[in-house]
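Contents: one structure, followed by commentary.
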Protein chains: 2
Amino acid sequence: MKIKNLHDLEIFVLTADSGSLSAAARLLELSPAVASASLKRLEAELGMALLLRSTRSLRLTAEGERLLPAARLALAGLKDAVEEISTGRQVIRDHLQISMPSDLGRNQMLGWLDEFLTRYPEVTLRIQLSDRLADIYRQPVDIAIRYGTPADSGLVALPLLPGNRRVLCASPAYLARHGSPASPAELTQHNCLRYRLGDEVHERWQFFRDGEETSVAVSGNRVSDDADAVRRWAVAGFGIASKSLLDLVPDLQSGRLVRLCPDWSGESAPLSLICADRRQLSPTVALLREHLRQRCEETVANGI
Amino acid sequence: MKIKNLHDLEIFVLTADSGSLSAAARLLELSPAVASASLKRLEAELGMALLLRSTRSLRLTAEGERLLPAARLALAGLKDAVEEISTGRQVIRDHLQISMPSDLGRNQMLGWLDEFLTRYPEVTLRIQLSDRLADIYRQPVDIAIRYGTPADSGLVALPLLPGNRRVLCASPAYLARHGSPASPAELTQHNCLRYRLGDEVHERWQFFRDGEETSVAVSGNRVSDDADAVRRWAVAGFGIASKSLLDLVPDLQSGRLVRLCPDWSGESAPLSLICADRRQLSPTVALLREHLRQRCEETVANGI
DNA sequence: AATTACTTTCAAAAATATTTTGAAAATAAA
DNA sequence: TTTATTTTCAAAATATTTTTGAAAGTAATT
């Protein structure tokens, strides 16, 4: 191995990143002369120029350009390994593009993802909010979180909260004005806030109690294709919504919403983490899934 | 970064590999005292013991065990990068399990793979000879080279020699004894060496000339499921074979076999590189494919 | 056009680090 | 018990790196 000094390599990377030897020296709290000597040494060891420098500007040579990613990788790999060994915690360095449902994503999952990023600081995320499963193909995402089970057998669905169901809810203000329905059948007397997924409006609401099953065709003056908008309408007292229990837990706990007909439960709304391929089940995805699964279960357990 | 010296890291890896500081020192042509000091330094930098040493034996600590793979990776990565930059040649470090047809594999492709390994010395191969496509699932292979196009749409087939066809051939000795067929129809008068793939014996041989098409039901006293065996029978003068032109080039060039009815060509026998998944199309596979494709084309071009 | 504020680099001295050397202590094998 | 080999040590000899102060160059500003 021609390269002797990891420190020199680090200075090279930092110099390339910051665009100046002095800046790199400042970052490492070294004198500029040290940084200069270090780079000179590295170039001498390799027998090639890495950075073309004039007194006021720097440019990577073709060789430097090609060494840079390998240097980064080696430094990060060793740094992570030492970190893992001394702290006993695993370091993961990855990037994920995630698509999430609009309501759950905006209101709860963002916080859970923040926790994940705090625990694994070298992970970066790109988040998109969408309720449509089809978007998983159109958008460049690695994983999607969705309600319902995908019909497409080419997709892999990992359950996050398989037992989740829709439930009825409304704000105390609405109930004070219009009364509370004693059974699902009375929904026809109420303004029902409906949700549209693609072309289909969810306006025949099903309900289950023990073995019993019933369904009601509901109507009302508001339909939205954004699940978060429907929830906000309900909180604002515009009517009754049928929504995933998981989405509602914060509002139920705070009292902004009240659960109706609690002895009845609505349609099954299993939450899954979906990816296009079992091979994309990277360690990062597995860790994220476990984290989200725990949070989902805690949430419904606390918010019965 | 706590680790300063790449040389120390190299000594650590070599010591772990060779089981002794002195042995590592000998490999690097250093004095044992240097190796000892180097390891001591590395352990001091990390603040942890990596190797437990008594005067006559070594053992990795748990920490050393975990640092070792990262150290190897960093050293190899940097070494490869420097090598690539200074030679301008790409270094790939990979392992491939390959399944190949028995005849082509044994007689020509092994040589082509040797060339590939010489060019990319850090690649290792494991080779299996099989003519059956189904084996790609049973055997743990990364890629398979096969004649014919796979019916299974889950497989990805990359053409190596799409225009390849079967042709008729026999040894000069056989032809001296039994004469040469003037047209495919006369094959019924000859001992035809047949090939069996799975349950199916290839005994209806098709032929094409311009727009014209004919087929002949052949018979004979020998059938084998090994394509190489069929070729050997033909060389030994036991009859007429219908085989992939690519397989026959060396025998046709050397005169061990003679092509019959050269104005007719047999069934299409496209050669493809097959892998289970487009994601398995690693850079290594792409390079290998291009290498084999060139060799196949050269071979048939030289052996018309 | 001159000034300012910064850059990179240098050379010599000073400070650190590493290697050599020879010897000591330890241990597995002969 | 002897022998050969291991690891490690301490002191001296080398080698390397950093400090320091100065020089030379350049982009932006006055």
Side-chain angles (χ1 to χ4, degrees), chain A residues 1-61 63-65 67-68 71 75 78 82, chain B residues 1-61 63-65 67-68 71 75 78 82:
Chain A
M1 169 67 59
K2 292 173 182 174
I3 303 172
K4 287 209 192 75
N5 204 321
L6 267 178
H7 206 226
D8 292 352
L9 210 59
E10 198 173 10
I11 288 175
F12 164 61
V13 172
L14 244 50
T15 304
D17 285 347
S18 64
S20 128
L21 274 169
S22 304
R26 277 192 297 272
L27 287 173
L28 294 171
E29 303 187 74
L30 300 169
S31 75
V34 170
S36 174
S38 173
L39 187 56
K40 192 180 175 190
R41 192 155 56 226
L42 183 62
E43 293 184 322
E45 281 165 358
L46 294 176
M48 56 181 74
L50 298 173
L51 287 162
L52 296 176
R53 13 202 205 291
S54 69
T55 45
R56 289 284 288 200
S57 69
L58 281 182
R59 206 175 81 238
L60 276 168
T61 63
E63 288 80 15
E65 197 94 51
L67 182 62
L68 193 56
L75 287 169
L78 288 173
V82 171
Chain B
M1 167 69 58
K2 292 172 180 176
I3 303 173
K4 289 211 193 72
N5 204 321
L6 268 178
H7 205 226
D8 292 352
L9 211 59
E10 198 172 10
I11 288 175
F12 164 61
V13 172
L14 243 52
T15 304
D17 285 346
S18 63
S20 128
L21 275 168
S22 304
R26 278 192 297 272
L27 287 173
L28 293 172
E29 305 188 74
L30 301 169
S31 74
V34 169
S36 174
S38 173
L39 187 56
K40 193 181 173 190
R41 193 157 53 229
L42 183 62
E43 292 184 322
E45 281 165 358
L46 294 176
M48 57 180 73
L50 299 173
L51 287 161
L52 296 176
R53 15 202 204 292
S54 68
T55 47
R56 291 283 288 197
S57 69
L58 282 182
R59 205 175 82 237
L60 276 167
T61 63
E63 288 79 17
E65 197 95 50
L67 181 62
L68 193 55
L75 288 168
L78 288 173
V82 171

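Computed from a prediction, not measured in an experiment: that's the story for all the values here. Order of the sequence lines fixes the chain letters, A, B, ..., with proteins taken first and strands second; residue numbering starts at 1 for each chain.
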Notebook entry, point to check: Taking only residues at least two apart or on different chains, which pairs with a member in residues 28-37 of chain B satisfy side chain to side chain donor-acceptor pair (under 3.5 Å)?
Noted result: none
Next item on the list: Could you tell me from which nucleotide to which nucleotide of DNA chain D, 5' to 3', there is an atom under 4.0 Å from chain B heavy atoms?
Entry: D:dT5 to D:dC9
Next item on the list: May I have all residue pairs that pass salt bridge (Lys or Arg N to Asp or Glu O under 4.0 Å) and include part of residues 30-39 of chain A, sequence neighbours excluded?
Entry: none
Check: Rounded to the nearest 0.5 Å, how far does CG of B:Leu67 lie from CG of A:Leu78?
Finding: 7.0 Å
Item checked: Residues that A:Glu63 engages under salt bridge (charged side-chain N to carboxylate O under 4.0 Å, His left out), provided they are two or more places apart -> none
Check: Could you give the CG-to-P distance, from A:Leu58 to C:dT7, as a whole number of Å?
Finding: 11 Å
Note to self: Does B:Ala33 reach a base, just sugar-phosphate, or nothing at all? Heavy atoms under 4.0 Å.
What the structure shows: base
Check: Under the side chain to side chain contact (heavy atoms under 4.5 Å, CB included) criterion, do A:Val82 and B:Ile3 qualify, and how do the steps go?
Finding: CA-CA 9 Å; A:Val82 171; B:Ile3 303 173; 4.0 Å; yes
Next item on the list: Using a cut-off of strictly less than 4.0 Å between a heavy atom of the residue and any atom of DNA chain C, enumerate the qualifying residues of residues 4-17 of chain A by number.
Entry: none
List, one per line, each side-chain donor-acceptor pair under 3.5 Å for residues 39-48 of chain B, sequence neighbours excluded.
from: B:Arg41; atom 1: NE; to: B:Asp8; atom 2: OD2; distance (Å): 3.0
from: B:Arg41; atom 1: NH2; to: B:Asp8; atom 2: OD1; distance (Å): 3.0
from: B:Glu43; atom 1: OE1; to: B:Arg53; atom 2: NH1; distance (Å): 3.3
from: B:Glu43; atom 1: OE1; to: B:Arg53; atom 2: NH2; distance (Å): 2.9
from: B:Glu43; atom 1: OE2; to: B:Leu50; atom 2: N; distance (Å): 2.6
from: B:Glu43; atom 1: OE2; to: B:Leu51; atom 2: N; distance (Å): 3.1
from: B:Glu43; atom 1: OE2; to: B:Arg53; atom 2: NH1; distance (Å): 3.2
from: B:Glu45; atom 1: OE1; to: B:Lys4; atom 2: N; distance (Å): 3.4

Item checked: Least distance between heavy atoms, B:Leu58 atom then B:Leu21 atom -> CD1-N, 3.9 Å
Let me check something: any side-chain donor-acceptor pairs from residues 9-17 of chain B under 3.5 Å, sequence neighbours excluded? List them with distances.
from: B:Thr15; atom 1: OG1; to: B:Ile11; atom 2: O; distance (Å): 2.6
from: B:Asp17; atom 1: OD1; to: B:Arg72; atom 2: NH1; distance (Å): 3.0
from: B:Asp17; atom 1: OD1; to: B:Arg72; atom 2: NH2; distance (Å): 3.1
from: B:Asp17; atom 1: OD2; to: B:Arg72; atom 2: NH1; distance (Å): 3.0

Margin query: Restricting to non-hydrogen atoms, name the atom on A:Ala35 and the atom on A:Ala25 that form the minimum distance, rounded to 0.1 Å.
Written below: CB-CB, 4.0 Å
Checklist line | Neighbours of DNA chain D within residues 18-28 of chain B, by heavy-atom distance under 4.0 Å | finding: B:Ser20, B:Leu21, B:Ser22, B:Arg26
Using the 3.5 Å cut-off, write out each protein N or O paired with an N or O of nucleotides 25-27 of chain C and the distance between them.
from: C:dT27; atom 1: O4'; to: B:Thr55; atom 2: OG1; distance (Å): 3.0

Checklist line | Pairing residues for A:Arg26 by the side chain to side chain contact (heavy atoms under 4.5 Å, CB included) criterion, not counting sequence neighbours | finding: A:Ser22, A:Ala23
Notebook entry, point to check: To the nearest 10 degrees, what angle separates the axes at the start and end of the helix from C:dA1-D:dT30 to C:dA30-D:dT1, five pairs each?
Noted result: 30°
Note to self: Among residues 36-46 of chain A, which ones have heavy-atom contacts with DNA chain C below 4.0 Å?
What the structure shows: A:Ser36, A:Lys40
